[in-house]
**Q** 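If you scroll down you'll find the structure; I have some questions about it.
Counting starts at 1 for both ligands and their atoms, following the listed order. Owing to the predicted nature of the structure, the values given are computational and were not obtained by experimental measurement.
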Amino acid sequence: AMPTSGDASGALPHPHVVLLPSAGMGHLVPFSRLAVSLSSPGHGCGVSVATVLPTVSSAESAHLDALFGACPAVRRLDFHLAPFDASEFPGADPFFLRFEAMRRSAPLLGPLLAGAGALALVTDIALASVVIPVARDLRLPCYVLFTASAAMLSLCVHFPAYLDANAGGPVGDVGIPGVYRVPKASIPQALHHPEHLFTQQFVANGRELAKADGLLVNSFDAFEPEAIAALRNGSVAAGFPPVFSVGPLAPVSFSASEPPENQADYMRWLEAQPARSVVYVSFGSRKAISKDQLRELAVGLEASGHRFLWVVKSTVVDRDDEAELSELLGEGFLERVQGRGMVTKGWVEQEEVLKQESIGLFISHCGWNSVTEAAANGLPVLAWPRFGDQRVNAGVVARSGLGVWEERWSWEGEEGTVSGHNIAEKVKTVMADKTVRNKAVSVQDAAAEAVADGGTSYRSLAQFVQRCRDLS
Ligand code: UDP
Ligand code: UDP
């Protein structure tokens, strides 16, 4: 029996590709975009998405419901995890714990994939080192979707070799062969600690990647020319498998069918604002900002004099978010900015927000999905990376001209907060700078060209599908 939901009675188109995302919206979003794209008539694959319930955050569960509701061609495959005792990792990030629970359950994937009749598997990078051997035993072609930048992929591939050569010394600047030097300050915090759960997973995954049948990356050749070329020509690692740069993956809009009267308040407000007048502020779905920094950000946005839409996140997992906005942002703030600033603690439809004419600047943590969405919309980014891969991604933003990065601004684990005054000055400068805007529009043009018929990303995805057909 096929353990699928949805229209389990109909035959699946050939080849049947199973997608295996890990945890967190940053991983789920590109997977659902890939699922929809592969199942579209243009590519014609049968697609299943392996899901673990319950999800860590409610954003993920809402996203999955919307995906399976709106796209019956994409099927759900329930992945039941083995019992996992999280007390082994006191204080660990809940998303990393889910990665670990999934990694330890990898042996259970064998029967699941065989029963589902999978002809190819696309696993998340966070699970790669344990899933690739399972697929090999099944003689199932196994690809890895890398959910961050190609620059980060090149770091992931090179980092184990760097550690081996470094013989236990502290991690410094990392020169990636054929790419560029990633300064020590931009290396994800966890990678400075060899015993960290993330580091152990990251190094294990990096070592195993060469054994994948190929890598998919949500980036495009013109956006990250150095990293993509170096991965392909063997500079980063000799004999590395094919790299399919398929980005920016097209967003899947689930809300398009909503009647206008159901439109959220912030969307109605955005539609009423002048072109390019609003600063959109979001630090993604994964991390909270300290209370002191939230207050300074409030001061900065108020003092900038610009309109703004600010998505405030004060806890790591959305289900825990109980704090009151007025209490977080300081006495009287919401009253003073009324009409000029919108602040929300809820989930916003970022894709819809970024499409609005009224948005002029995106203050972003540079989660890779946010970066690719800004690129697709030609929206200038003021990069404020906070953690993990975000400084590496901010480097791509600055190099490509998609935006500017104030490198001295704080990073999780560093002392100090950025003052409201500095934030206000930077926002004013960037909002007034026409060349920043023009460069972002050139990135948008290049992105559109990459995904159009015959473009680099279009051809890369078609080649990937062709391989799945040929190998199966
Ligand atoms: N997102 C959204 N609404 C929110 C917060 C995030 O739609 O309120 C989406 C965003 O558009 C992106 C994803 O969630 O597609 C977050 O991924 P990203 O890589 O940008 O950052 P992460 O949340 O993983 O740090
Ligand atoms: N990553 C990686 N190797 C791993 C796990 C993650 O290269 O073993 C990448 C992943 O693509 C992500 C980044 O490192 O973009 C940071 O990881 P995390 O899962 O925290 O990403 P987030 O949830 O913030 O998007």
**Q** Is it possible for you to check whether Arg399 lies under 6.0 Å from the centre of the six-membered ring of Tyr180, through NZ or CZ, and within 45° of that ring's axis?
**A**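 Geometry flag: set, cation within 6.0 Å and 45°.
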
**Q** Quick one: does Glu373 get a heavy atom under 4.0 Å from ligand 1?
**A**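 Judged by the 4.0 Å heavy-atom criterion, Glu373 does count as contacting ligand 1.
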
**Q** Please confirm whether the backbone N or O of Val396 pairs with a side-chain atom of Ser400, one donor and one acceptor, at under 3.5 Å?
**A**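 Present.
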
**Q** Is it true that Gln200 and Glu195 share a donor-acceptor pair across their side chains at a distance under 3.5 Å?
**A**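 No.
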
**Q** Could you see which bit of Val348 sits under 4.0 Å from ligand 1, with heavy atoms only: side chain, backbone, both or neither?
**A**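 Looking at Val348 and ligand 1, atoms from backbone and side chain both fall under 4.0 Å.
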
**Q** Taking distance alone, with no angle check, do Asn369 and ligand 1 share an N/O pair under 3.5 Å?
**A**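 Yes, there is a polar N/O contact under 3.5 Å.
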
**Q** Does His365 have a non-hydrogen atom less than 4.0 Å from ligand 1?
**A**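 Checking ligand 1 against His365, which is what was asked, there is a heavy-atom contact under 4.0 Å.
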
**Q** Under a 3.5 Å distance rule, please check whether Arg75 uses its side chain to pair with a backbone N or O of Val47 as donor and acceptor.
**A**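 No: the side chain of Arg75 does not pair with the backbone of Val47.
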
**Q** Specify side chain, backbone, both or neither for Trp347, according to which of its non-hydrogen atoms lie closer than 4.0 Å to ligand 1.
**A**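 It is both backbone and side chain that touch ligand 1.
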
**Q** For Leu20, is there any backbone N or O sitting under 3.5 Å from a side-chain donor or acceptor partner on Asp124?
**A**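 No, because the side chain of Asp124 does not come within donor-acceptor range (under 3.5 Å) of the backbone of Leu20.
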
**Q** Below 4.0 angstrom from a heavy atom of Gly284, which ligand 1 atoms are there? Numbered from 1 as shown, please.
**A**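 Every atom of ligand 1 under 4.0 Å from some heavy atom of Gly284: 23 (O).
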
**Q** Counting only heavy atoms, tell me which of Gln350, His27, Arg386, Glu349 gets closest to atom 10 (C) of ligand 1.
**A**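 Looking at heavy atoms only, Gln350 sits closest to atom 10 (C) of ligand 1.
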
**Q** Establish, yes or no, whether a centroid distance under 6.0 Å links the rings of Phe89 and His196.
**A**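 Ring-ring flag for Phe89/His196: false, centres at least 6.0 Å apart.
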
